[in-house]
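Before any comments, here is the structure.
The chain is numbered in sequence order, starting from 1. Bear in mind that the values here come from a model prediction, so they are computed numbers and not experimental data.
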Amino acid sequence: KVMSKMMYQSFLKQREQFNQMTSEKYISYPIPENVQIFRNVPYMTDRNPAHRMDIYRPANEKDFLPVIINVHGGGLMMGNKEFNFGFCVDLCQQGFLVFSIEYQLVPDVLVYDQYADVIHAMTSISNVLPLYGGDKDHIYMVGDSAGAYLIVYAIAMQRSPLLAEAAHTI
């Protein structure tokens with residue numbers, strides 16, 4: 001048990017170092033004038049910092065835009081929405097409305113909670129699309145590593161009540 005606690009503390013230190021590195025990169029990255037960013041927008045009302053998203057919108061676009069939902073990777077245990085900041089800026093400059101979501105991390109929660117977070121974010125984004133000028137008929141999701149894994153299962157659960165029930169998301 002002492003070893004477990006020591007390993008857990010070591011892991012938390014690594015996570016904090018990763019978050020610090022990502023935060024420094026995020027802050028220092030130049031934001032192009034043609035990109036408007038809405039940071040830390042809640043997608044749930046529980047005030048959990050892991051239930052936030054950043055929204056990237058081309059600044060001078062008046063039309064409804066195709067939407068990309070970005071889910072970061074990190075082995076389900078690390079990572080944050082800021083990790084793909086440069087990627088999201090690039091997508092935005094190509095004419096996409098981009099939602100980059102945060103979610104809770106293992107071992108603080110179970111993977112089932114992560115599925116639920118992604119599903120909640122997808123629902124919230126669907127509800128706010130008109131506010132940001134998103135085209136509801138052109139929504140795409142991208143994810144690296146664990147983000148891609150969470151996307152696949154979140155979509156599968158939306159299509160299969162049996163799977164959603166087994167994963168405790170309904």
Side-chain angles (χ1 to χ4, degrees), residues 11-12 14-16 18-19 21-23 25-26 35-57 64-92 94 96-170:
F11 167 74
L12 288 179
Q14 286 179 321
R15 183 190 283 172
E16 182 56 37
F18 176 86
N19 286 341
M21 176 202 65
T22 306
S23 178
K25 184 172 92 173
Y26 181 63
V35 174
Q36 186 177 17
I37 303 174
F38 304 90
R39 292 187 169 136
N40 296 312
V41 176
Y43 64 82
M44 291 178 69
T45 59
D46 62 2
R47 298 182 187 216
N48 183 334
H51 295 148
R52 303 280 184 263
M53 60 186 166
D54 291 344
I55 304 166
Y56 302 75
R57 188 174 200 304
F64 280 89
L65 300 168
V67 176
I68 293 182
I69 301 171
N70 176 69
V71 183
H72 70 80
L76 304 175
M77 302 186 310
M78 295 183 91
N80 52 47
K81 61 184 172 46
E82 292 81 14
F83 182 68
N84 293 331
F85 176 72
F87 176 64
C88 292
V89 167
D90 289 346
L91 290 171
C92 181
Q94 293 178 38
F96 291 95
L97 174 62
V98 181
F99 294 84
S100 185
I101 69 165
E102 191 74 62
Y103 55 88
Q104 300 172 93
L105 301 172
V106 169
D108 304 325
V109 299
L110 298 174
V111 70
Y112 304 119
D113 300 308
Q114 294 174 315
Y115 299 147
D117 286 355
V118 173
I119 291 168
H120 283 297
M122 292 166 68
T123 301
S124 176
I125 289 166
S126 178
N127 292 334
V128 300
L129 280 182
L131 297 174
Y132 294 97
D135 181 349
K136 67 177 178 54
D137 295 323
H138 293 94
I139 301 174
Y140 311 94
M141 295 187 78
V142 297
D144 54 300
S145 189
Y149 163 82
L150 291 171
I151 290 168
V152 167
Y153 277 92
I155 291 171
M157 283 178 230
Q158 288 183 321
R159 300 192 187 289
S160 170
L162 212 58
L163 181 59
E165 185 179 349
H168 314 292
T169 60
I170 60 168

So do [Y] and [X] actually touch side chain to side chain, heavy atoms under 4.5 Å?
X	Y	answer
Ile37	Phe85	yes
Ser124	His51	no
Phe83	Asn70	no
Phe99	Val67	yes

For residues 64-82, which residue pairs qualify under salt bridge (charged side-chain N to carboxylate O under 4.0 Å, His left out), counting only residues two or more places apart or in two chains?
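Only Asp54-Lys81 qualify under salt bridge (charged side-chain N to carboxylate O under 4.0 Å, His left out).
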Is the backbone of [Y] close enough, under 3.5 Å, to the side chain of [X] for a donor and an acceptor to pair up by distance?
X	Y	value
Ser160	Ala156	no
Arg52	Glu102	no
Thr123	Ile119	yes

Can you name the closest pair of heavy atoms from [X] and [Y] and give their distance?
X	Y	answer
Gly75	Ala146	N-CB, 3.7 Å
His72	Tyr103	O-OH, 2.9 Å
Asn127	Pro130	O-CD, 3.8 Å
Phe18	Gly79	CE2-CA, 3.3 Å
Asp108	Arg15	OD2-NH1, 2.7 Å
Ala154	Val118	CB-CG1, 3.7 Å

Roughly how far, to the nearest 0.5 Å, is [atom2] of [Y] from [atom1] of [X]?
X	Y	atom1	atom2	value
Leu105	Asp117	CG	CG	9.0 Å
Leu76	Ser145	CG	OG	7.5 Å
Leu97	Gln36	CG	CD	10.0 Å
Leu150	Ile155	CG	CD1	11.0 Å
Ile125	Leu131	CD1	CG	12.5 Å
Ile68	Tyr56	CD1	OH	12.5 Å

Are there over 12 heavy-atom neighbours, none belonging to Tyr43, within less than 6.0 Å of that residue's OH?
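Above 12, so yes.
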Please table the atom pairs, donor to acceptor, closer than 3.5 Å between any side-chain atom in residues 132-142 and protein atoms at least two apart or in another chain.
unit_1	atom_1	unit_2	atom_2	d
Asp135	OD1	Asp137	N	2.9
Asp135	OD2	His138	ND1	2.8

